[in-house]
Amino acid sequence: QVHLVESGGGLVQAGGSLRLSCTASGRTFSRYAWGWFRQAPGKAREFVAAISGSGEITYSADSVKGRFTISRDNAKNKVYLQMNSLKPEDAAVYYCAGNPPEYSGRVYYTREYGYAYWGQGTQVTVSS
């Protein structure tokens, strides 16, 4: 079993930055790929970014490319999402998710069904 806890959300002005963290329990952290998704009020949850088990491959949604960066620290069992140049449309609840190694590849990394474990989410609010 893997337990995920997100942190780092909050209120920021447009143009500002936040860094989200996700701490995972369990010994299998380094074998998993990790993703960030978000859900705004009244909208479906959407893919934001993902990082492979090795950390060598990352994917980002077009809407955040060049502004958001995903990274991981296997020694600390942490995944990060650095968010720069935030826009009001980035406001949402952000979720961290764990992708088991048997479901690897872009299709699984960028879709909700590729993830077996989810955190409770952290709220990001961006004021204009």
Side-chain angles (χ1 to χ4, degrees):
Q1 189 70 14
V2 177
H3 183 59
L4 307 177
V5 178
E6 302 97 333
S7 62
L11 172 64
V12 64
Q13 286 189 331
S17 298
L18 281 175
R19 188 175 81 155
L20 304 183
S21 298
C22 174
T23 303
S25 64
R27 298 181 178 181
T28 58
F29 179 86
S30 62
R31 297 175 55 222
Y32 277 57
W34 298 93
W36 286 96
F37 288 74
R38 67 186 182 186
Q39 186 168 23
K43 295 187 177 181
R45 189 154 56 183
E46 64 176 0
F47 168 75
V48 175
I51 187 165
S52 65
S54 66
E56 295 177 350
I57 300 172
T58 61
Y59 299 96
S60 297
D62 289 343
S63 59
V64 306
K65 272 190 174 75
R67 300 187 298 122
F68 291 12
T69 302
I70 188 171
S71 61
R72 62 188 295 162
D73 185 337
N74 287 349
K76 296 181 178 179
N77 277 20
K78 287 185 179 290
V79 184
Y80 303 101
L81 184 68
Q82 178 66 44
M83 306 187 296
N84 299 328
S85 302
L86 281 160
K87 304 175 181 180
E89 52 263 43
D90 293 319
V93 177
Y94 282 72
Y95 297 90
C96 173
N99 162 272
E102 55 266 35
Y103 298 110
S104 63
R106 187 178 189 278
V107 170
Y108 291 109
Y109 293 166
T110 59
R111 302 287 192 276
E112 287 188 63
Y113 59 72
Y115 293 84
Y117 303 102
W118 293 83
Q120 83 290 346
T122 185
Q123 177 71 50
V124 171
T125 303
V126 184
S127 64
S128 57

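Since we're looking at a predicted model, the values are computed, not measured.
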> Under 6.0 Å from the six-membered ring centre of Y32 and within 45° of its axis: does the NZ or CZ of R72 meet both?
Replying inline: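 Judged by the rule (NZ or CZ under 6.0 Å from the ring centre, within 45° of its axis), R72 is not positioned above Y32.
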
Should [X] and [Y] be counted in the same cluster of Ile, Leu, Val, Met, Phe, Trp and Tyr side chains packed under 4.5 Å apart?
{"X": "Y103", "Y": "F29", "value": "no"}
{"X": "F47", "Y": "L81", "value": "no"}
{"X": "V79", "Y": "F37", "value": "no"}
{"X": "W118", "Y": "I70", "value": "no"}
{"X": "V93", "Y": "W34", "value": "no"}

> Would you say F68 and W36 make side-chain contact, with heavy atoms under 4.5 Å?
Replying inline: no

Donor-acceptor contact below 3.5 Å, side chain [X] vs main chain [Y]:
{"X": "N77", "Y": "A24", "answer": "yes"}
{"X": "E6", "Y": "T122", "answer": "no"}
{"X": "Y80", "Y": "L20", "answer": "no"}
{"X": "S85", "Y": "R67", "answer": "no"}

What are the two closest heavy atoms between [X] and [Y], and how far apart are they?
{"X": "L4", "Y": "A97", "answer": "CD1-CA, 3.8 Å"}
{"X": "P100", "Y": "A116", "answer": "CG-CB, 3.7 Å"}
{"X": "A14", "Y": "S128", "answer": "CB-CA, 4.3 Å"}
{"X": "G119", "Y": "Y95", "answer": "O-CD2, 3.6 Å"}
{"X": "R106", "Y": "T110", "answer": "O-OG1, 2.8 Å"}
{"X": "K65", "Y": "S60", "answer": "NZ-O, 2.7 Å"}

Above 12 or not: heavy atoms from other molecules or residues under 6.0 Å from [atom1] of [X]?
{"X": "Q13", "atom1": "CD", "value": "no"}
{"X": "K76", "atom1": "NZ", "value": "no"}
{"X": "Y59", "atom1": "OH", "value": "yes"}

In Å and rounded to the nearest 0.5 Å, what is the [atom1] to [atom2] distance from [X] to [Y]?
{"X": "C96", "Y": "K78", "atom1": "SG", "atom2": "NZ", "answer": "10.5 Å"}
{"X": "R111", "Y": "E46", "atom1": "CZ", "atom2": "CD", "answer": "12.5 Å"}
{"X": "M83", "Y": "R38", "atom1": "CE", "atom2": "CZ", "answer": "9.0 Å"}
{"X": "N74", "Y": "S30", "atom1": "CG", "atom2": "OG", "answer": "5.5 Å"}
{"X": "I51", "Y": "N99", "atom1": "CD1", "atom2": "CG", "answer": "12.0 Å"}

> Quick one: do K87 and D90 make a salt bridge, cutoff under 4.0 Å?
Replying inline: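 No salt bridge links K87 with D90.
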
> Y115 and Y109: side chain to side chain contact (heavy atoms under 4.5 Å, CB included), yes or no, with the steps?
Replying inline: CA-CA 8 Å; Y115 293 84; Y109 293 166; 4.0 Å; yes

